[in-house]
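Beneath this line is the structure, given in structure tokens, with notes to follow.
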Protein chains: 2
Amino acid sequence: MAINRTLALVHETELARAVGERVMARLMKGSVAQLLPPRAVLFEEGTEPEMVHLVLSGRVGLVASGGTDHEAVIETFGAGSLLVVPAVILSLPYLVSGVVLTEARIMMIPAASFRRALDDEPALARAVVDMQARHWRLLIEQIKDLKLRAAPQRLAQWLLRELGAGPGTVLQLGEPKRIIARRLGMSPESLSRAIAALEEAGAIHVEGRAITVVGRRALEMAAGGMTNTRG
Amino acid sequence: MAINRTLALVHETELARAVGERVMARLMKGSVAQLLPPRAVLFEEGTEPEMVHLVLSGRVGLVASGGTDHEAVIETFGAGSLLVVPAVILSLPYLVSGVVLTEARIMMIPAASFRRALDDEPALARAVVDMQARHWRLLIEQIKDLKLRAAPQRLAQWLLRELGAGPGTVLQLGEPKRIIARRLGMSPESLSRAIAALEEAGAIHVEGRAITVVGRRALEMAAGGMTNTRG
DNA sequence: GTCTGGACTTGACGCTTGTCAAGTGTCTTG
DNA sequence: CAAGACACTTGACAAGCGTCAAGTCCAGAC
């Protein structure tokens, strides 16, 4: 049962579609799938990469401690994502750790065989270019948020982006708020207050892990620039 | 200053070395080189990409305004860098603007021909993968800085990284401090204070645009975390 | 049922940092 | 030489946000 399910999931990934049957089969040779519980660590900041991780289900976060006391969540990824290829490609130590957030099925591809495939399978290189391009844009957006928007604006911006993916007005949070707070570059307390502010403004309504956008217009205003005085 | 000079510069780029004579010649077909003064805008946030920009000399910054009143500098790039390939690859609007910081010679490659070459020249795709991987790491380091380090720590961290590139102890700033401040995610005033603090701590000595590291140990203390240089 | 632990909220407080404003120095311009 | 422009510094001040601490709510254990 596990094998069937895993293979099906592998097939559904964007990577599989992009590189085709043969290359995917080659990548799978020597790879293993694992079902991991929350808090499992896939790889650790500062260590040399030995595997490439393909997320088949669940959610995984890139977490950085960087020598300081607390941790930052850089980004979280869901099914279909190929994790932290840069470290593998360059054979350099990871800059972040990979942590399972919700029970996740992970395909682990040996780094050496991934690098070899990258060199002699043009389709793989081409697919990786596209993936990296998309990931780059995620980070750029995030840096823009961090450098020129205040905490409540960042939340509003994030909500709009998450919403953009699905056309509904209800957003089911897939991660604890603590994780989202750190992803947004703020403390959990500040996230609480930012959420309260958006409710106050009539932009959203929150019930536990479900956020309903009741005023898309108000939400866009809050994301824009007018949050809490001080132009 | 004419064709010779430009061709020589093109040859010296990492890209040229990676993809070889033939592919580089193909990319150059239809491309034009331009010598641009400071404040010249290569491309603008929100517009569709029409060119890929290869920096041959000088320095170029990626700047974002993101709808808010002030601007943030995302990153600056020098000779050999290929700018904002992601937008071109994905045919999506730029997330940032490209602005010349110090007089720069730029090779402009038509986006369409770059995309075509990317599809049928494996060497190019492979080279782009490596470049994107290095750029990804720059952004990751930056996000870590922004999320878990205070302003003076970010400066110390940045100094150590800039220093890592060359083995000396003197750092000649290639950009006005105002630009560096925005790259570090702080106001020019805060940068001034951060510099003063590092001098106070006996870590550096500043004379105009030259920063001398007089206490590498003290500087590392101030950075307060591990620095993983290399690209 | 009560107890306990975890996720989240709320309040109080202080540090960091951005903003506004004035001051210094240098380079250019008339 | 004076006037202006510009880059940077310094000081005063308030806002934003993180931290500490308490409080609420809820699920699971017993």
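Chain identifiers are assigned alphabetically (A, B, ...) following the order of the sequence lines, protein sequences preceding nucleic acid strands; residue numbering begins at 1 within each chain. Here the structure is a predicted model, which means the values were calculated and not measured.
- Separation of atoms CZ (A:Arg182) and CG (A:Leu184) is listed at 11.0 Å; rounding is to 0.5 Å.
- Side-chain N/O atoms of A:Gln142 and B:Lys147 include a donor and acceptor closer than 3.5 Å.
- Panel note: side chain B:Lys144, backbone A:Leu95; a donor-acceptor pair is recorded below 3.5 Å.
- In this structure, the CD atom of A:Glu199 is 9 Å from the P atom of C:dT9, given to the nearest Å.
- Between B:Arg39 atom CZ and D:dA5 atom C1' there is a gap of 14 Å when expressed in whole angstrom units.
- Taken to the nearest 0.5 Å, the CD atom of A:Glu12 stands 13.5 Å off from the CD atom of A:Glu14.
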Can you list the steps and then say if A:Gln153 with A:Gln157 is a side-chain contact (heavy atoms from CB on, under 4.5 Å)? CA-CA 6 Å; A:Gln153 291 178 300; A:Gln157 201 85 24; 5.7 Å; no
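- Contact of the B:Leu83 side chain with the B:Leu42 side chain is registered, since non-hydrogen atoms from C-beta on lie closer than 4.5 Å.
- Checking C:dT17, D:dT9, D:dT10 against the side-chain heavy atoms of B:Lys177 singles out D:dT9 as nearest.
- Rounding to the nearest 0.5 Å places CZ of B:Arg209 at 12.0 Å from CG of B:Leu171.
- Atom C1' of nucleotide C:dC8 and atom CD of A:Glu175 are separated by 16 Å, given to the nearest angstrom.
- Nearest nucleotide to the side chain of B:Arg178, out of D:dC8, D:dG18, C:dT10: D:dC8.
- End-to-end axis angle for the helix from C:dG1-D:dC30 to C:dG30-D:dC1, using five pairs per end and rounding to 10°, comes out at 20°.
- At a threshold of 4.5 Å between non-hydrogen side-chain atoms, the residues B:Pro93 and B:Glu48 count as touching.
- If you take CD of B:Glu71 and C1' of C:dG18, they are 17 Å apart, rounded to a whole angstrom.
- For DNA chain C, no neighbouring residue in residues 204-214 of chain B is found when judged by any heavy atom under 4.0 Å.
- Of the two residues near DNA chain D, A:Leu191 and B:Ala196, the one whose nearest nucleotide lies more 5' is B:Ala196.
- Between the CD atom of A:Gln153 and the C1' atom of C:dG18 there is a distance of 14 Å, rounded to whole Å.
- Around the CD atom of B:Glu199, the shell of radius 6.0 Å holds more than 12 heavy atoms that belong to other residues, nucleotides or ligands.
- If you measure from atom NZ of A:Lys147 to atom P of C:dG18, you get 12 Å, rounded to the nearest angstrom.
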Readout for nucleotides 19-25 of chain D: B = base within 4.0 Å of protein heavy atom, S = sugar-phosphate only, - = neither; 5' to 3' it is BB-----
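- In this structure, CD1 of A:Ile195 is placed 15 Å from P of D:dC17, rounded to the nearest angstrom.
- With respect to B:Glu103 and B:Arg59, no salt bridge is recorded, no charged nitrogen being found less than 4.0 Å from a carboxylate O.
- Atoms CG (B:Asp145) and C1' (C:dT16) sit 17 Å apart, rounded to a whole Å.
- Ring pair A:Phe77/A:His135 is tilted by interplanar angle, where 30° to 60° counts as tilted.
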